Number of protein chains: 4
Amino acid sequence: MTNKLGVHALVWVGGWSHDECERAIAQTAELGFDLIEIPALDPSSIDTTFTRRMLDRYHLGTTLSLGLDDSTDISSGDPAKQARGEARLMEVLRVAGDIGATHVCGILYSAFQKYFEPPTPTGIAGSVEVLRRVGEKAAQHGITIGLEVVNRYESNVLNTAAQAVAFARRVGLPNVKVHLDTYHMNIEESDLESALIDTGEMLGYFHIGESGRGYLGAGNIDFDRVFRGLVKAGYEGPITFESFSSAVVNKQLQGILGIWRNLWEDGADLARHAKGTIEHGLKAAREAHARSTLP
Amino acid sequence: MTNKLGVHALVWVGGWSHDECERAIAQTAELGFDLIEIPALDPSSIDTTFTRRMLDRYHLGTTLSLGLDDSTDISSGDPAKQARGEARLMEVLRVAGDIGATHVCGILYSAFQKYFEPPTPTGIAGSVEVLRRVGEKAAQHGITIGLEVVNRYESNVLNTAAQAVAFARRVGLPNVKVHLDTYHMNIEESDLESALIDTGEMLGYFHIGESGRGYLGAGNIDFDRVFRGLVKAGYEGPITFESFSSAVVNKQLQGILGIWRNLWEDGADLARHAKGTIEHGLKAAREAHARSTLP
Amino acid sequence: MTNKLGVHALVWVGGWSHDECERAIAQTAELGFDLIEIPALDPSSIDTTFTRRMLDRYHLGTTLSLGLDDSTDISSGDPAKQARGEARLMEVLRVAGDIGATHVCGILYSAFQKYFEPPTPTGIAGSVEVLRRVGEKAAQHGITIGLEVVNRYESNVLNTAAQAVAFARRVGLPNVKVHLDTYHMNIEESDLESALIDTGEMLGYFHIGESGRGYLGAGNIDFDRVFRGLVKAGYEGPITFESFSSAVVNKQLQGILGIWRNLWEDGADLARHAKGTIEHGLKAAREAHARSTLP
Amino acid sequence: MTNKLGVHALVWVGGWSHDECERAIAQTAELGFDLIEIPALDPSSIDTTFTRRMLDRYHLGTTLSLGLDDSTDISSGDPAKQARGEARLMEVLRVAGDIGATHVCGILYSAFQKYFEPPTPTGIAGSVEVLRRVGEKAAQHGITIGLEVVNRYESNVLNTAAQAVAFARRVGLPNVKVHLDTYHMNIEESDLESALIDTGEMLGYFHIGESGRGYLGAGNIDFDRVFRGLVKAGYEGPITFESFSSAVVNKQLQGILGIWRNLWEDGADLARHAKGTIEHGLKAAREAHARSTLP
């Protein structure tokens, strides 16, 4: 198993100006990560030519993530919003293709917002339809779609791995997979390790983040179980570290995510520690797995 | 240590009609709980005479809980909202006095809502002022105020035990204390046990709830550490079980709380199991504490 | 799943006189357990007629457990010891049949002692042979054999579940199964839950005991994972609580087991708490399992 | 907090010939450890001049560890054994002084063996007396004595931190302290974190080892709690990684320790991983501690 390790750009920068783009990519590469995840909430803000040049210069892979918003909510059952959402996702795919992203992930199936009512069957069916077309387009670019399971305060559609597996099966494409994130799993799953194992080969992307969203191991999540779950699930895809502090976050995300505390100041120290923690934890989990089955 | 055990009324009923009131109180008493926590989001909906008669008939204690809303937000820095919030809290104290409640708790210091900006120092100072007057009034009725620490999606003011201890110290009254809740702690605290120990004698009320808000032990929280924390903190106050399912919850709360899944159907089975789990867990924690310090 | 719950006789008594026999059986039945596990280190000390009468009187099931000793060590490679060991096991089967025991379990494959050298292939092969004949005899009485996996200080043959599964497969009889014990698993297994799941249908008997061997939950073992492992393994056999205190233990066992501390005085309080802890924990695990797989 | 990190020589070599000595010291230094712990079960086997030269050459610190045996058991109450035990300990101190060891630790208060009877008050009193004289001598060399708390199968005197604190207080010297080891704590303590915090400033030496004694994180111990306990205890002394595999262990220790399984082959890979795991874990614990107390 040789998972690529990544880091979310918001560990470094709150925007994507040329300066921010180069700084984030250079620092990610310097720490030895394999990829950077770039937020594409506003895909038009990404200068694809410049971004691709920087990725090439620093020999770094990339992925894109986003959440839809109310006006592009493909789970709303509103045909106008669905159409705008599909257009947005297609635009992101184009950006992804242009910069060479291997994965597009996040809250692609609904708005990224606090809902006040449960979803409707019609809304869900519409979301599945759109994602099937998006997935087919993505397949043409060799891009994997990751449907991110988030907590109840960020979407009302996919809050658990089991829901996401069922949803992805409805979409029914080999490149439309489940994206799990330990920060959200800690809030919603009965059992993080089991959720990973049960998702199994449907797992296509993975976010590692601590409860509270600060230093790995400085919170409340039992990462030993997480690493063992990844190993038992046979997961070989990317593992991307995500962390948000009020030290580096733009106003829009601070509001949606509720980032009221400062959990770190030095993103490089944070990311270096995350990488080491993941590497040592994965190795221990592989040893545990190998040894525990010896007769 | 002899904590009183309670259950939140929403395990039984979504409103507080005479029928719901009697049913909730009777079922709580039947399972051997010491108290019921009644939601007072709309204090005028509580028939205090009838409620008190039912509590007396079934020999049950009670507490009240609420969150303020946007129009009564005492942390807003808006004098009109502050005035309305203070009036609301004073009204709840009157209801509490009338039904013999020992504690008034919840999100008393801000609105109970998803915020999109951090709080301001002026807003916080105003909230402290109001709560000082509310606390003084509560003291006259022998009522303890519990400032509930909740996750980032339900308030932007108090998300950690340490913040709440500092806030309560600013209020500076012996009957204004910290109210912790394991569901929220799981999202925000670095360490549930340490948070309890560090809160120590400032802890005045306690909610026990599972991640996901279903059956105790069927989620992700390490309750062994929670019970040990309570024992080491020397906590002797109420322990109230809180759980929400789409099976029993009114529309308003479903929206704010994001209750999208049905985690149980039978509140009696749920509450009986919770009571046994708490009793066995507390006993084990006391044994561990007693034995581990023997020379 | 309806596991029978049992308790080890040493929670009540250090020997098996008529008085001890009746007292242990009566107290076990009074707490609502389904069975009592009787130690058969010295099978000749068990008055089978009296014991059966008491079991019938109190409507209690039973199982027998033992470890071989140096002179009866069937893993020694010494034909004389092997012959004596086989005779001892056959004698225990006779006692088991006479009192209506459903399971014979423990360290049946080697001595119950601190070894100073690793086992030999010849010794292991001899042990397998003897246990095949013992297993065939047991099958005639409808008795299940449980090969107890113990820590490195009590045997050098079976210290992990994976070893025991391989050993039991060599014996190759449907009624010769693996007997796991959480006290020992805590010392030897990489992962208690995985060991249970991987043992799966080979699991034939189960001891639940805390690290330190006192009150369940007052030690170091994560029983939430244990209960989830039992549920995921689909285990429907007996769950027997085992605990040793210097308050009730005979000299011989105190020495072998190294019982130097007094972890409880009141066996009834201990056993009542254990039963409640098991029942609540199993229910929570079943809820977690059922809920986590819902789409 | 800047704990020195060490590794036990048995990760590298089973004896202490010149070749083994240089190899163990060179490999320890190469991985960036601060010290090597050398077993001194047979102090006469250590060529002090050569060892010191190697330590100097590789700029490495050192500590010594041992257990007494039956013939030198100072807890036996037998004056002849006590005298031999005292002589042995004094000899080890001399070796420690010669090679510049900062700590002498291990089972210094009894034999390192499986006992079959509990200790006697007279035996314990004799052990305290001897250790007071040994401690005074050690103080002259600036050496700290660490009384290692081990599991019930390796001694009958000190099995828990609380027992060791009481024992060390009876000795009553500032340089006679408690030595805790996570492998043993996992078997005996109710709560690893609490045991560390309660030991507090009495903690003088620390062994980190996994259940099963293999790769850190590949077993059953919750090291997050361990690191947090060390941080909360304010421990600034050495942290030495100990691991035993049948790949590298001499016959004598294999027998006493019951090393029946091979948990690793490559000591360098094992030790490198241990060092990284400790460093990342300590950092996370310090972050958790710092952040959890912020208002």
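Heavy-atom basis, side chains included; hydrogens, waters and symmetry copies ignored. All of these numbers come straight from a predicted model, not from anything done at the bench. First the proteins, then the strands, lettered A, B, ... as listed; each starts at 1.
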Closest heavy-atom contact between Asp269(B) and Lys283(C)?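 Closest pair (atom of Asp269(B), atom of Lys283(C), distance): OD2-NZ, 2.7 Å.
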Side chain from CB out, backbone as N, CA, C, O: work out which of these in Arg261(C) comes under 4.5 Å of a heavy atom of chain B, or both, or neither.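 Neither the backbone nor the side chain of Arg261(C) comes within 4.5 Å of chain B.
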Main chain of His280(C), side chain of His273(B): is a donor-acceptor contact present, judged purely on distance under 3.5 Å?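 Present.
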Assess whether atom CD of Glu20(C) is packed by more than 12 heavy atoms of other residues, nucleotides or ligands within 6.0 Å.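 Yes, enclosed.
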Atom pair CD (Glu279(B)) and OG1 (Thr277(C)), whose distance is rounded to the nearest 0.5 Å: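 The distance works out to 11.0 Å.
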Please evaluate residues Glu265(B) and Arg291(C) with respect to the criterion salt bridge (charged side-chain N to carboxylate O under 4.0 Å, His left out), reporting the C-alpha separation (whole Å), side-chain torsions for both, the decisive distance (0.1 Å), and the verdict. CA-CA 12 Å; Glu265(B) 292 83 30; Arg291(C) 301 291 164 178; 3.7 Å; yes
How would you list, in number order, the residues of residues 25-36 of chain C that have a heavy atom less than 4.5 Å from chain B?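 Residues in range: none.
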Any residue of residues 202-221 of chain C which, by heavy atoms, sits under 4.5 Å from chain B: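 Heavy-atom contacts from residues 202-221 of chain C to chain B are Tyr215(C), Leu216(C), Gly217(C), Ala218(C), Gly219(C), Ile221(C).
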